[in-house]
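Working notes, structure below.
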8 protein chains.
Amino acid sequence: MDGSQIETLLNEVRAGSASVAEALERLRHLPFEDLGFAKVDHHRALRTGMPEVIFAESKTPAQVAAIFAHMAKAGGNVLATRASREVFEAVYATESRAQFDETARAITLKQTEPVAGKGTIGVVCAGTSDLPVAEEAAVTARLMGNTVEVVADVGVAGLHRLLAQRETLQTARVLIVCAGMEGALPTVVGGLVNAPVIAVPTSVGYGASLGGVAALLGMLNTCAPNVSVVNIDNGFGAACIASLINHL
Amino acid sequence: MDGSQIETLLNEVRAGSASVAEALERLRHLPFEDLGFAKVDHHRALRTGMPEVIFAESKTPAQVAAIFAHMAKAGGNVLATRASREVFEAVYATESRAQFDETARAITLKQTEPVAGKGTIGVVCAGTSDLPVAEEAAVTARLMGNTVEVVADVGVAGLHRLLAQRETLQTARVLIVCAGMEGALPTVVGGLVNAPVIAVPTSVGYGASLGGVAALLGMLNTCAPNVSVVNIDNGFGAACIASLINHL
Amino acid sequence: MDGSQIETLLNEVRAGSASVAEALERLRHLPFEDLGFAKVDHHRALRTGMPEVIFAESKTPAQVAAIFAHMAKAGGNVLATRASREVFEAVYATESRAQFDETARAITLKQTEPVAGKGTIGVVCAGTSDLPVAEEAAVTARLMGNTVEVVADVGVAGLHRLLAQRETLQTARVLIVCAGMEGALPTVVGGLVNAPVIAVPTSVGYGASLGGVAALLGMLNTCAPNVSVVNIDNGFGAACIASLINHL
Amino acid sequence: MDGSQIETLLNEVRAGSASVAEALERLRHLPFEDLGFAKVDHHRALRTGMPEVIFAESKTPAQVAAIFAHMAKAGGNVLATRASREVFEAVYATESRAQFDETARAITLKQTEPVAGKGTIGVVCAGTSDLPVAEEAAVTARLMGNTVEVVADVGVAGLHRLLAQRETLQTARVLIVCAGMEGALPTVVGGLVNAPVIAVPTSVGYGASLGGVAALLGMLNTCAPNVSVVNIDNGFGAACIASLINHL
Amino acid sequence: MDGSQIETLLNEVRAGSASVAEALERLRHLPFEDLGFAKVDHHRALRTGMPEVIFAESKTPAQVAAIFAHMAKAGGNVLATRASREVFEAVYATESRAQFDETARAITLKQTEPVAGKGTIGVVCAGTSDLPVAEEAAVTARLMGNTVEVVADVGVAGLHRLLAQRETLQTARVLIVCAGMEGALPTVVGGLVNAPVIAVPTSVGYGASLGGVAALLGMLNTCAPNVSVVNIDNGFGAACIASLINHL
Amino acid sequence: MDGSQIETLLNEVRAGSASVAEALERLRHLPFEDLGFAKVDHHRALRTGMPEVIFAESKTPAQVAAIFAHMAKAGGNVLATRASREVFEAVYATESRAQFDETARAITLKQTEPVAGKGTIGVVCAGTSDLPVAEEAAVTARLMGNTVEVVADVGVAGLHRLLAQRETLQTARVLIVCAGMEGALPTVVGGLVNAPVIAVPTSVGYGASLGGVAALLGMLNTCAPNVSVVNIDNGFGAACIASLINHL
Amino acid sequence: MDGSQIETLLNEVRAGSASVAEALERLRHLPFEDLGFAKVDHHRALRTGMPEVIFAESKTPAQVAAIFAHMAKAGGNVLATRASREVFEAVYATESRAQFDETARAITLKQTEPVAGKGTIGVVCAGTSDLPVAEEAAVTARLMGNTVEVVADVGVAGLHRLLAQRETLQTARVLIVCAGMEGALPTVVGGLVNAPVIAVPTSVGYGASLGGVAALLGMLNTCAPNVSVVNIDNGFGAACIASLINHL
Amino acid sequence: MDGSQIETLLNEVRAGSASVAEALERLRHLPFEDLGFAKVDHHRALRTGMPEVIFAESKTPAQVAAIFAHMAKAGGNVLATRASREVFEAVYATESRAQFDETARAITLKQTEPVAGKGTIGVVCAGTSDLPVAEEAAVTARLMGNTVEVVADVGVAGLHRLLAQRETLQTARVLIVCAGMEGALPTVVGGLVNAPVIAVPTSVGYGASLGGVAALLGMLNTCAPNVSVVNIDNGFGAACIASLINHL
């Protein structure tokens, strides 16, 4: 029962062909989306340029290709994250406009121009091992209409490299900071800028890094008041939040 | 050595009373704040209306009162978090304009009008036990110049109460969602709105809540793409981030 | 806007004083409880005899007394869990019909006769230290209309005492089994009976019991296929589930 | 020494060929199953339609096939869980009536019609990644004589889809709810229905999901009073409990 | 129904006043202790000199005193562990023969002479902070009839003190080794002797000792093949096992 | 400097060719094994029949074969644990008397008859998945001169099978009990017997079994006073301790 | 048997009143300290100026006072850590030369001048809450003969303050860096200096700081190659290591 | 802008071609390395002989070979850690002077003679399984100009072997002690020597070793006051710290 069905019902009430009691009963049980609820999602997509997304990690190449093709037909932009080259090849066979960013492990298809964000999103990471997560964030943010500036190789044990990038950091409207091991980079960056910082712990490290948990705990205990945190390796989620903020 | 000292040095160079080599050496060792670094903090305060803050929990009433009085003299707004009534009485004895919000456990002194945020910050929590954390966030955000709307008692096991507040939720520019126990509220709220959601796990619960760790893990694993997380019970930090976003 | 308001609206539509478009708009935004949602809770109470409940642990005696009195006025049964004697005295001062079970730490007020459950609920525990949790379950279940049989002091390191109670266990329609330390009792009981077993880990123990986590893990790893688990020390929750099953 | 042996002994006592003292001694040492204990298991199978079960994960295809064939000879129904296609092929080679559900990773052989459950078991899950666990539950429950209704793709971050299934949820006699990541679905479902909910955390997720522990903790801390929990990915166990309840 | 009741039944069978079928039925349901099961416990007490035991930690002084007096009446030895001086005073008021070991936090009453163990039990600990656990073990073992030799203050960071006690260690028939912090002492002792070593982690330490978990993990990972482990601070349990071994 | 060197030194002192001061200095620095320390190990081997042991898991087949051959030359018994068939084949190529127990994953070479233990060692396990650990214990204990009785498939959720083995359990001089999942078997066995029980948690299980940690915690929290615990899957260590006790 | 006893023995050998065989036997069993082992400790104290130390936390004021007085008599320096003012008063009553540092919670008695360290030990901490740990390190290091420079209030979220102290940091011969919360300070300091850094996690923080475990993990995962770590809050231990290095 | 650029600027100021205000502005924004910051790293390399380092574990052979060749051109020494033979072959193909230590998993190229350390670094480990970590430390330390003495196979369960090496241990200027399992070796060594001990937990072990976490916790809780700890398996880091100390 959608909006027009409710309209029909009201018309029947007005015409007297449905009693008030009967209408009351039918209204009581109508599915929620009939109230226009589901359209929120659609509006969100239009307003923020959020693409359709596939988490490829636990799917076969054939499955990803099939979903990708299905989504592409709807005419919007499509993103597959955590994709291997093998997955890309399956996607490419059915959709030759798809593009692959190997570092970011991301397949993208851009069919429409998203609404542009208002400022720049800075994506910062410490070492080359954090790059896949940082690039996943960058690719996602760009597909959502944002200008992205990536600052790599600025670990906290070599402050001069980080400080040399101060200006770039301070002009970003919102920052995504990825770090593994001790996870201190978001705090240090948070102290240098006046913008919201989305911290992404990465699973980079060994031994007591506990698969990224050490970095995660470090970020949650930050003494910088402008840092919030997402799940380990979740570059995609960080980009969604940063894009939302950048479109405000 | 501050900015004027560098100016003096440069004037000496110009006048020839200091050699270039000598000036080079002195510049190499000058403290960083001489470069105007420390002023960033000052600018930040002006621009965002961030007050001076005291974390009262591990301090004696006398210590908090002394720091509070010292900060108050600077003329800006002052906030003490995690304060007991006993702490407030010590503060009040030296600064009678200070006000106490017992639920929020916060002492505030408002001396200047902060720059107003652009929209409303929604502060949402599930049960009455989460209220101290939610109110800490609300008090902090208000002192930073934001309009705050608190929505309480909307746990996910009784959706109708949450859905009845849908309109309030959807008009907020940014949301702070506090929840203990299973920590599911930020995800459900995140699915209802199109704004950034700052999730605050609370230490409310018992047994396997592990002092808020269960709620924290739940929030980090959210399937809503607009949710980021701060430390357990960190209402203050959530308010800082929300205020930053609301002033963009 | 409640059900009668919708009725009024429909009458206006029928009478022509409200247009269909206008009615459509108002319906789209009406709070969910207007659709009778909130009544589900009420129906649930009627059908299962679930009382109004207060978790007293983090509240002052005065707060519990106030809430208790307020709930009592509604005419149904009232239960306060995790209550000390001091709390009871505050409640008793305003509601002299309230009764206190010190072992269960529960205050009850029975004003109506709940629908009777169909069989017996067996509540089993190992040692005397588990009794508070077991009794919380027993008191709760009784207030919901169930016949309860408590079997105490039947630890798995002394099988003969447990086996001596086999008949009692096997006649229960559903069982609640509370155990701390190694948490093995639900598995052993589960193997002796053919009924659903609700396992409640207790925080009884020391050292590597980790506040009940050891017992919890033991129960989750049960090799008996009829055992499910609730939170540590959650006798109340176990009774709710057992009562639901016993009223099927 | 089985039942007939005790009978023989008693006959000897009656006939005087065994003294009372001697009989007393022999009785004292007789194995427990002689008392009819083992028959409980047999009765349980008859009454609940519980099939013979093989946990295939840590066994070779040849081992599973051999056990499966052995069990099949007994004439009852047989179920192998956590089975790969390779395992199925080995089973099929010896028992061509066996059937394979690839999503559920379950091999079934139905030789007898189990006693029918009284109502419907609802099996609910959030995403497609939770389907293997949900389907394991569904296949198991059906083989035990239950009518099962599967509701998939109803994550808590998109409430409208879940609410659209409200009626299906509310007509189930007992529900199994599978969820990974933040594990919030059982709580939300628990708040919508009046039936017992068996929550199954799944190992779906990454980073701070800790292999399903985050979802598990979320479920144990539920604020819905009708939710109990089984081990991570334990769809089979959830189905056993649900079937027991549905046969009450 | 006890042993004499079975005898009566058998006599009835013999006399013909009970049929074989009827006797079979009554035997099938008889409680297990009727088979002499419960007597095992009694025999155990006689053979090993195990006293009656009260874990005093979570009981009131009055409760402990009452149980102690009740047990004392049975004529055997009685032991209360984890007892404060206040508890002792309550016990002493009703049973003036009771004795208190303040370091061991143990109250003992010796009424009968237990069977003597065959060799010496060595009880070893590193620092004075481990003494309460070591003394609990020593007091328990002595009450069970063992000769005990306590070796204190022999931490692994000062090997010469430990090695000076080598002879004492090597003459013990079984050893109990208590250690907190890094928990290395049982491994080092295990390498010096040829006897079974029962390791007791203590909760002594701070920070990363995690309440004794660090010591526990260290002991479980021992590279000495003659070391097994009991729960944190469980001096009583270690003494039971050591006494069992010493009575073999 | 070995024993004969000390003898030579003493002879020099006696003959006057070394002064007392000089001898004192040389003695002060002599290596510890010169004092006969290393011989302890040798005596231990003779007395307890402990074989030479290789932990094969982290070594290549060639390495294991080389070490095995080297040890075999010394004339004693040799044991390699955690060995694959591939490793056995490498060992067999150089030492054709070596034997392989595939379930126990153990390679043995018996060249001498060890001193016989005094009683029987019972090795108990719940399911077939625990058999590799139980058999590792059994093979090790036999090679050390013990009579071993293995009792398998006696899980605590089917007590009648366990109770049927009561007599076997009660005649053992010491028991090794292996269990995964909830790890309750050692406690139940401990309550049935009067002998020391060495509990071995196994890594059998999934989800919340956490690789054997759940079983380990369960065993450490046992309420049976005759149970001590070794590391997860450490069948070898349990056998060493049991053999030591059985040779007392 | 001490050194002079060995001398006596050797004299007997020389004189012929003891045979070589007899001497060999007595030497084999002589306690290790006879070989001068225990003197190592004494030499260490002389060389490094290490004082006698009492860990006061788990001792009564009377106990600390008694031990302190006993140690003072030996003539060396004495240090009691984790001492309250109440403890100090008890110590002061018997030893009026004792001094108390309330922030460091340390009681000291300096009777001899320790050997001076070669350079300066820098003690760095982030916030005022870390000061007790930092001051414990400073007081300890000074009593061991080191020049100490304390740098406080230099958190990583405000780099300019830290960088302003660069010169002080770079002139230290070894650094002790204390930090709670995210524990990033040692890494940042480690990148600025060329000296060994001893990192001390503090238990400062709340929520996900887990009593200092988050800071500890952060420090262990440092990307600076000159940082090693001690236990949470272990300022004393850090000072011992730093002093050792500073005396090299 | 480097040092010479600042010099140019100052010359311009002196010459009057740049105003003081203009120079002030340019200085305020100059990147930090312009102040000679980056040179610290260079100086460090010269002074301590620290080589260029590649962490090879998460890189392809081709990537390592390319970076190695690039670093080799700079003329200094180069080290690649965690390298397989396959990685070495790729490196060797482009740089035939590179050498491979298979146990240490390290590739080295020595082009310059580092400044020699002042004493010996002792590298100690318990079993052969710890050798890769110990050898990584040894190879790294040697490339940094240190004399290294490796002491292997000295586990704490066989003290005589460790004590036999006492002299070697006591002559080292600083020690690196690697241990897995219970991680007790650094504490025991720490008690035998008077030098700083860097403890390296290794991931050697199984079950409750939790991938080296048990050893790590043991080392952090050491009762020896001269032990500090680095991350699990971090032989490289331990060598850097030891070399720093040895060059003081």
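Throughout, protein chains are lettered first and strands after them, A, B, ... in sequence-line order, and every chain is numbered starting at 1.
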Under 4.5 Å, counting heavy-atom pairs only, tell me which of [options] racks up the most with chain E.
{"options": "F:A242, F:P196, F:G237", "answer": "F:P196"}
{"options": "F:V197, F:I198, F:V229", "answer": "F:V229"}
{"options": "F:I241, F:N221, F:V174", "answer": "F:I241"}

In terms of heavy-atom proximity below 4.5 Å to chain F, should [X] be classed as side chain, backbone, both, or neither?
{"X": "E:V227", "answer": "backbone"}
{"X": "E:L216", "answer": "side chain"}
{"X": "E:A195", "answer": "backbone"}

Side chain proximity check, E:L162 to E:V189, heavy atoms < 4.5 angstrom: yes
For F:A72, is there any backbone N or O sitting under 3.5 Å from a side-chain donor or acceptor partner on F:E52? no
Qualifying residues under salt bridge (charged side-chain N to carboxylate O under 4.0 Å, His left out), relative to F:E57, sequence neighbours excluded: F:R82
Considering the options E:I232, E:N234, E:T202, E:V123, which one meets the side-chain contact (heavy atoms from CB on, under 4.5 Å) requirement together with E:V133? E:T202
Please collect all side-chain hydrogen bond (donor to acceptor under 3.5 Å, both in side chains) contacts where either partner lies in residues 180-189 of chain F, sequence neighbours excluded, each pair once. C:E182-F:T187, C:T187-F:E182, F:T187-F:T222
